[in-house]
Amino acid sequence: MSLDEFESLFAQVRSFDWDPVKRAKTFEERGIYFDDAPHVFAGPILTRRSDRKGEVRYMVFGFLADVEVVYVCTFRATICWIMSARRARRDERKKYHAHLPHRSAQDQE
């Protein structure tokens, strides 16, 4: 998916939502708040479509306090539904940084 296509979908978003139990569990296990998704999505991102269980889902790679993270979300009408968040794996960080011309390869470790 191109950034333009994602931005078009995202332009329709009026709010973010999530399962509160999943949000608490993710923060407890990974230290990442679902609440930070709007800040991550506003920065330089890389998106990949990642459908699962018959649902269109997106992996959104971005920065959260200089740490590469991945949010998995779907769009439900005007709501961006956050399903998970985690630190990006090393291979994902390399792909993400490859799309950021202002960052050097050393920054991706």
Side-chain angles (χ1 to χ4, degrees):
M1 160 177 272
S2 73
L3 184 55
D4 290 338
E5 292 170 318
F6 183 80
E7 286 177 347
S8 177
L9 278 172
F10 193 71
Q12 300 171 38
V13 170
R14 299 292 172 249
S15 63
F16 289 80
D17 207 356
W18 45 76
D19 178 320
V21 173
K22 179 74 172 183
R23 174 189 174 267
K25 183 178 178 183
T26 298
F27 181 72
E28 181 181 314
E29 293 176 355
R30 303 174 181 169
I32 299 174
Y33 277 121
F34 285 3
D35 310 61
D36 289 328
H39 304 294
V40 172
F41 289 19
I45 60 170
L46 173 65
T47 59
R48 294 284 186 246
R49 190 165 161 172
S50 180
D51 297 358
R52 217 168 159 192
K53 299 181 181 179
E55 182 173 49
V56 175
R57 297 180 181 192
Y58 299 94
M59 296 176 73
V60 181
F61 300 85
F63 282 108
L64 181 58
D66 292 329
V67 174
E68 301 91 341
V69 295
V70 180
Y71 281 85
V72 176
C73 66
T74 192
F75 295 94
R76 298 179 179 166
T78 60
I79 297 171
C80 180
W81 185 264
I82 304 297
M83 298 175 188
S84 70
R86 61 174 171 78
R87 171 83 151 87
R89 295 185 312 259
R90 188 174 198 174
D91 65 311
E92 293 169 335
R93 293 192 306 266
K94 287 182 180 185
K95 289 176 188 174
Y96 175 63
H97 283 276
H99 287 83
L100 300 176
H102 64 281
R103 293 236 171 198
S104 71
Q106 293 173 337
D107 291 338
Q108 57 190 302
E109 298 301 318

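In this chain, residues are counted from 1 in sequence order.
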Donor-acceptor contacts under 3.5 Å from residues 28-37 side chains, at least two apart:
residue, atom, partner, partner atom, Å
R30, NH1, A85, O, 3.0
D35, OD1, R23, NE, 2.6
D35, OD1, R23, NH2, 3.0

Quiz item: Could you state the interatomic distance from CD1 (I45) to CE (M59), rounded to the nearest 0.5 Å?
Solution: 13.0 Å
Practice problem: Verify, without hydrogens or angle tests, whether D51 (side chain) and R57 (backbone) share a donor-acceptor contact under 3.5 angstrom. | Solution: yes
Practice problem: Starting from the C-alpha separation in whole Å, work towards a yes-or-no answer on side-chain contact (heavy atoms from CB on, under 4.5 Å) for R90 and E68. | Solution: CA-CA 9 Å; R90 188 174 198 174; E68 301 91 341; over 6 Å; no
Exercise. Any chance you could measure S84, atom OG, to W18, atom CH2, to the nearest 0.5 Å?
Key: 13.5 Å
Self-check item: Main-chain N/O of A88 paired to R93 side chain as donor or acceptor, under 3.5 Å
Solution: yes
Quiz item: Do Y71 and F41 have side chains that get closer than 4.5 Å, going by heavy atoms?
Solution: yes
Quiz item: Heavy-atom distance under 4.5 Å between the side chains of S50 and V72, does that happen here?
Solution: no
Exercise. Kindly give the cluster partners of I79, where membership spreads through any ILVMFWY side chain lying under 4.5 Å from a current member.
Key: none
Quiz item: Among R48, R86, H97, R87, which residue meets the side-chain contact (heavy atoms from CB on, under 4.5 Å) test with E92?
Solution: R86
Exercise. Look at the side-chain heavy atoms of Ile, Leu, Val, Met, Phe, Trp and Tyr, link any pair under 4.5 Å apart, and say whether M83 and F27 land in one connected group.
Key: no
Exercise. Give a yes or no on whether the backbone of V56 and the side-chain of T74 come within a donor-acceptor separation of less than 3.5 Å.
Key: yes
Practice problem: Quick one: closest heavy-atom pair of I82 and C73, and the distance? | Solution: CD1-CB, 4.0 Å
Quiz item: Atom NZ in K94, atom CZ in R89: separation rounded to 0.5 Å?
Solution: 13.0 Å
Quiz item: Who pairs with Y96 by ring pair (Phe, Tyr, Trp, His ring centres under 6.0 Å), at least two apart in sequence or on another chain?
Solution: F63
